[in-house]
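Taking it in order: structure first as structure tokens, then the write-up.
Computed from a predicted model, the values in this text were never measured in an experiment. So that the names make sense, note that chain A is the first sequence line, chain B the second, and so on, each numbered from 1. Atoms considered below: every heavy atom in the structure, side chains included; atoms not considered: hydrogens, waters and symmetry mates.
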2 protein chains.
Amino acid sequence: MHSPELLKGTLQTIVLKVLKDHGRMYGYEITQRVKELSDERILLTEGALYPALHKLEAEGILKTETENIGKRIRKYYTLTPQGKSLVKERVAELTDFIKTMSNVLQVKLA
Amino acid sequence: MHSPELLKGTLQTIVLKVLKDHGRMYGYEITQRVKELSDERILLTEGALYPALHKLEAEGILKTETENIGKRIRKYYTLTPQGKSLVKERVAELTDFIKTMSNVLQVKLA
DNA sequence: GTCTAATGCCTAAGACTATTATGTATTAGG
DNA sequence: CCTAATACATAATAGTCTTAGGCATTAGAC
């Protein structure tokens, strides 16, 4: 597990990117997918994820559909057109940041 | 300039790494060096840097010497032995984080 | 059959970090 | 002479996430 402070500011971008690649997803599914992609290193906490999803929805970046699976509820999130263009920006920004940090730290990413 | 939230949690590591590579440095010099290394993208603010330096000093990670250059004061910071081992940890941690993020975002770092 | 872990949603209080806004002072250059 | 750069520093505030709750369903182990 990574030092949590490093994650700050990256949550939105991670969520948007995963949604872009997988289309329609629900909250719990996102946490599991990120866990998998990061090899258990990024464990999104619910206290961070759900407020973030709600915020993105309120801003028109995501839209939702609720489904009942048995008696259990699932809330699916999808990128809106506005969301799709935001993903590109955010990913580009974080990519650039990663490259900058790599330079500063003189990291060799084999 | 990068979105400031991304920097959160990386400041200490950046400072420690720069100090490791350059030895004895003062605050203003650190901001300039990081600015240069990051191609103007990381501009450390004084409100973040000085408290961070003071904290690291209080923790025994850095030690200081004050010099007078004319009538102007310079406070030089150097890594303590404890600080040197911390740098390795922190850089390793941030490097690992960068790699993880690269995987999650499927970034190609040429 | 019961108990636990996993699934699935959510909010609120608090911690932590950095930004923004100041304040003080010296020095170089137009 | 005045401005930008150098050089230190602190305080109030904003923003993000962690921690700690709360509620409910379902699958699997014993």
To the nearest Å, how far apart are [X] [atom1] and [N] [atom2]?
{"X": "B:Phe97", "N": "D:dC17", "atom1": "CZ", "atom2": "C1'", "value": "13 Å"}
{"X": "A:Glu67", "N": "C:dC9", "atom1": "CD", "atom2": "C1'", "value": "15 Å"}
{"X": "A:Arg74", "N": "D:dT25", "atom1": "CZ", "atom2": "C1'", "value": "12 Å"}
{"X": "B:Leu44", "N": "C:dT19", "atom1": "CG", "atom2": "P", "value": "8 Å"}
{"X": "A:Ile30", "N": "C:dG8", "atom1": "CD1", "atom2": "P", "value": "12 Å"}
{"X": "A:Ile14", "N": "D:dT16", "atom1": "CD1", "atom2": "P", "value": "15 Å"}
{"X": "B:Lys35", "N": "D:dA5", "atom1": "NZ", "atom2": "C1'", "value": "10 Å"}
{"X": "A:Ile42", "N": "D:dC17", "atom1": "CD1", "atom2": "P", "value": "12 Å"}

In terms of heavy-atom contacts, does NZ of B:Lys63 have more than 12 from other residues, nucleotides or ligands at under 6.0 Å?
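Yes - once you tally the heavy atoms of other residues, nucleotides and ligands closer than 6.0 Å, there are more than 12.
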Can you tell me how far apart CG (B:Asp21) and CG (B:Leu19) are? Round to the nearest 0.5 Å.
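Here the interatomic distance stands at 9.5 Å.
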Quick check: on DNA chain D, is the nucleotide nearest A:Gln12 upstream (toward 5') of the one nearest B:Tyr77, or the reverse? Name the residue that is more 5'.
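Between the two, 5'-proximity favours B:Tyr77.
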Take A:Ile14 and A:Ile30 through the test side chain to side chain contact (heavy atoms under 4.5 Å, CB included) and record every step on the way to the result.
CA-CA 9 Å; A:Ile14 291 172; A:Ile30 294 172; over 6 Å; no
Under 4.0 angstrom between [X] side-chain N/O and [N] OP1 or OP2:
{"X": "B:His54", "N": "D:dC8", "value": "no"}
{"X": "A:Tyr26", "N": "C:dC9", "value": "no"}
{"X": "A:Tyr50", "N": "C:dC10", "value": "no"}

Find which nucleotide of DNA chain C each of B:Leu49 and A:Ile73 is nearest to by heavy atoms, and output the residue with the more 5' nucleotide.
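Taking each residue's closest nucleotide, the earlier one in sequence belongs to A:Ile73.
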Going by an N to O cut-off under 4.0 Å, is there a salt bridge joining A:Asp96 and B:Arg41?
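Here A:Asp96 pairs with B:Arg41 in a salt bridge, since their nearest N and O are under 4.0 Å apart.
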Looking at A:Arg24 and A:Glu67, is there a salt bridge between them, counting it only when a charged N and a carboxylate O are closer than 4.0 Å?
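Looking at A:Arg24 together with A:Glu67, the answer is yes, because their closest N to O distance falls below 4.0 Å.
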Sequence neighbours left out, what pairs pass side chain to side chain donor-acceptor pair (under 3.5 Å) with at least one residue falling in residues 76-85 of chain A?
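Sorted result for residues 76-85 of chain A: A:Arg74-A:Tyr76.
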Per-nt protein contacts along nucleotides 20-30 of chain C (heavy atom under 4.0 Å; B base, S backbone sugar-phosphate only, - none) come out as B-----BS---
Proximity to the side chain of B:Lys55 - top-ranked nucleotide from C:dT17, D:dC8, C:dC9:
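The answer is C:dT17.
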For the side chain of A:His22 and the backbone of A:Val18, is there at least one donor-acceptor N/O pair under 3.5 Å apart?
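The answer is no, because no donor-acceptor pair under 3.5 Å joins these two groups.
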